[in-house]
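One structure below.
The structure displayed is predicted, hence computed values, not measured ones.
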Amino acid sequence: MTEIVKGGNLPVPGQVWRIAVVRRAAGDGVPEVDASALLLDASGRVRGDGDLVFYNQPAHASGAVRLTGQVRDEERRVADWLEIDTERVEPAVQRIVITASSEDGTFGQVPGLHIRTVSAATGEQLALYEVDDASTETAFVLGEFYRRDGAWKFRAVGQGYDSGLVGLAEDFGIVGRDPDEPASDEPGHDDEPVPVDESVSVGAPPEAVPEELLAKVREAEAAPARIPAQVPRPVRVGPMSDIELFGEDFPEFVRSGKGKADLTIDVPVPAGYVVVDSARRGDGYFGVFSLDEKGDHDVLLANTTLEDFEGRGLLRHDGKGRLRLRVSAYDRAWTIAVRPVSAVEDLDGSAEGRGADVLLYTGPAGLLSSRLRTKFGHAYFHVHGYEPDGRDHLLANVASRLPRDARPLPEGPLLVQVRSAEGDWSLKVRPPKENRFWRRASR
């Protein structure tokens, strides 16, 4: 292990690293401390709220950065552990800063504050940096991973802030919000408590298919999966021009098959958004991707190990050439339907579903409360909103027990895409609320 001083740096081989933010446990005048991470672009700012990994958002959408739990020892020390997989960090991210913050005290009251970097593969400790000059600060940038000449390095920073996590995050481009707003109507907080299991790390996004589930693949019945050629839909609320902004109508394309296949959509698909409905009979892995002009995977439309899966994906077609899809079903019967966005239902106040779906929101700006009920210990739940011009908004990004989230919902029209690994989900549109992002869900 190498102990470094403020400003010191070391090369970091590309691998998975675990970072511990260690300090004296709270109590007897020592305040609570939280660890977090911010993913920054070349300008030194986040790209949006999703680039802050903290107590209310414990995993980044890319899966590259996660909060994995808290450990305490008999000497009254406590460590929050983060995990960074440098191989999965998106190219646009140039720095990942590791921070500590306190809501009810200063770091001059926190003995033993230090940051430790450990190889996840070998347990070898790369670096140790001890903070020995804390006083009135309520937040610290302890260290950072940063790119230099195509490689990663780690630097001890030790920069303090007197404005807590809110002020620190504002400096990096996240809109500050008051953490003290009452929680009487907090979406998703009802009489069902959220259990905490510090021995289990935050789950990964659904793209990672567990090997033990793939091993359970068995022969399915030969009958094709069931997906109606025409699905009755409720009458749309709002002017037709809202949905027409996303894409024109076209004849739907439906094909059934078994196992792996590449499909060329032989109906004219105009430029704009289209929905892809997919169904698979039986269990095992099932994936559906669009293909780019080189024949490589482009947009992920279905990715599951659920039995008898049915779900809906969304993609934006450039209108150039034929749309192509790749299906992987491991000798299972499936049906794929490519349909215009006019087939989607409205998100009018609230909606419920399971798996993947796409909805149309045409209302005013508000707050989207989302929740997933699952029988698994941890599950991944992801909601995005897309504007007609392709701009997107992260509306939910949760990987935890009883996943739930509440985020600002922009004014419509938006296509709202829901992805979940397992379980029944619900969405509810609420009037706009100020200052919800920073309020801690639980301590």
I'd like to know whether Arg66 forms a side chain to side chain contact (heavy atoms under 4.5 Å, CB included) with Val53, so could you lay out the CA-CA distance, the side-chain angles of the two residues, the decisive distance to 0.1 Å, and finally the verdict. CA-CA 7 Å; Arg66 306 182 300 154; Val53 175; 5.8 Å; no

Under the side chain to side chain contact (heavy atoms under 4.5 Å, CB included) rule, what do Phe145 and Trp17 come out as? Steps first, then yes or no, please. CA-CA 10 Å; Phe145 288 74; Trp17 294 95; 4.2 Å; yes

Stepwise side chain to side chain contact (heavy atoms under 4.5 Å, CB included) test for Phe250 and Val274: CA-CA 10 Å; Phe250 58 88; Val274 300; 3.6 Å; yes

So Leu168 and Leu38, side chain to side chain contact (heavy atoms under 4.5 Å, CB included) or not? Walk me through it. CA-CA 10 Å; Leu168 182 153; Leu38 293 102; 3.7 Å; yes

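A cation-pi geometry, defined here as NZ or CZ lying under 6.0 Å from the six-membered ring centre and within 45° of its normal, does not hold between Arg316 and Tyr386.
Closest heavy-atom contact between Phe246 and Pro388: CE2-N, 3.4 Å. The shortest non-hydrogen separation linking Leu165 to Ala139 is N-CB, 4.0 Å. Arg312 and Ala343 get closest at one heavy-atom pair: NH1-O, 3.6 Å. The two residues Pro340 and Val275 have their closest heavy-atom pair at O-CG2, 3.7 Å. Heavy-atom minimum distance, Ile96 versus Ala37: CG2-CB, 4.3 Å. The shortest heavy-atom contact between Glu144 and Val97 is OE1-CG1, 3.6 Å.
At least one side-chain heavy atom of Asp49 sits less than 4.5 Å from a side-chain heavy atom of Ile174. Side-chain contact between Leu291 and His297: present, with at least one pair of heavy atoms (C-beta onward) separated by less than 4.5 Å. Put simply, the side chain of Val429 reaches to within 4.5 Å of the side chain of Leu368, judged on heavy atoms. Side-chain contact between Glu83 and Val16: present, with at least one pair of heavy atoms (C-beta onward) separated by less than 4.5 Å. Looking at heavy atoms from C-beta onward, Val71 lies out of side-chain contact with Val78 at the 4.5 angstrom threshold. At a threshold of 4.5 Å between non-hydrogen side-chain atoms, the residues Leu314 and His384 do not count as touching. Between Val141 and Tyr161, some side-chain heavy-atom pair lies under the 4.5 Å cut-off. When side chains are defined from C-beta on, Leu52 does not count as touching Phe172, because their heavy atoms never get closer than 4.5 Å.
If you check the side chains of Glu387 and His393, you find a donor sitting under 3.5 Å from an acceptor.
A distance-only check finds a donor-acceptor pair linking the side chain of Arg324 to the backbone of Asp292 [under 3.5 Å]. When atom types are taken as modelled, the side chain of Asp308 and the backbone of Arg281 share no donor-acceptor pair closer than 3.5 angstrom. When atom types are taken as modelled, the side chain of Ser102 and the backbone of Glu32 share a donor-acceptor pair closer than 3.5 angstrom. Distance alone, capped at 3.5 Å, places no donor-acceptor pair between the Arg95 side chain and the Gly44 backbone.
In Glu248, the CD atom is not crowded: 12 or fewer heavy atoms of neighbouring residues, nucleotides or ligands sit closer than 6.0 Å. In the displayed structure, Gln15 atom CD is contacted under 6.0 Å by more than 12 heavy atoms of other residues, nucleotides or ligands. Crowding of Lys153 atom NZ: a count of heavy atoms from other residues, nucleotides or ligands under 6.0 Å exceeding 12.
Taking CG of Asn303 as the reference point, atom OG of Ser278 lies at 10.5 Å (rounded to 0.5 Å). Note: Lys258 NZ to Arg280 CZ = 13.0 Å, rounded to the nearest 0.5 Å. The structure places CD1 of Ile115 at 9.5 Å from OG1 of Thr99, a figure rounded to the nearest 0.5 Å. With values rounded to the nearest 0.5 angstrom, Lys428 atom NZ is found 11.5 Å from Leu367 atom CG. Residue Leu67 holds its CG atom at 12.5 Å from CH2 of Trp81, rounded to the nearest 0.5 Å. Interatomic distance, CG of Asp80 versus CD of Gln70, reported as 4.5 Å (0.5 Å rounding).
The side-chain contact (heavy atoms from CB on, under 4.5 Å) test with Thr117 is passed by exactly one of Leu126, Ile84, Leu82: Leu126.
Relative ring orientation between Phe309 and Phe286 is described as tilted, the plane-to-plane angle lying within the 30° to 60° band.
A salt bridge between Arg391 and Asp389 is present, with a side-chain N of the basic residue lying under 4.0 Å from a carboxylate O of the acidic one. Between Arg255 and Asp266 a salt bridge is recorded (basic side-chain N to carboxylate O distance below 4.0 Å).
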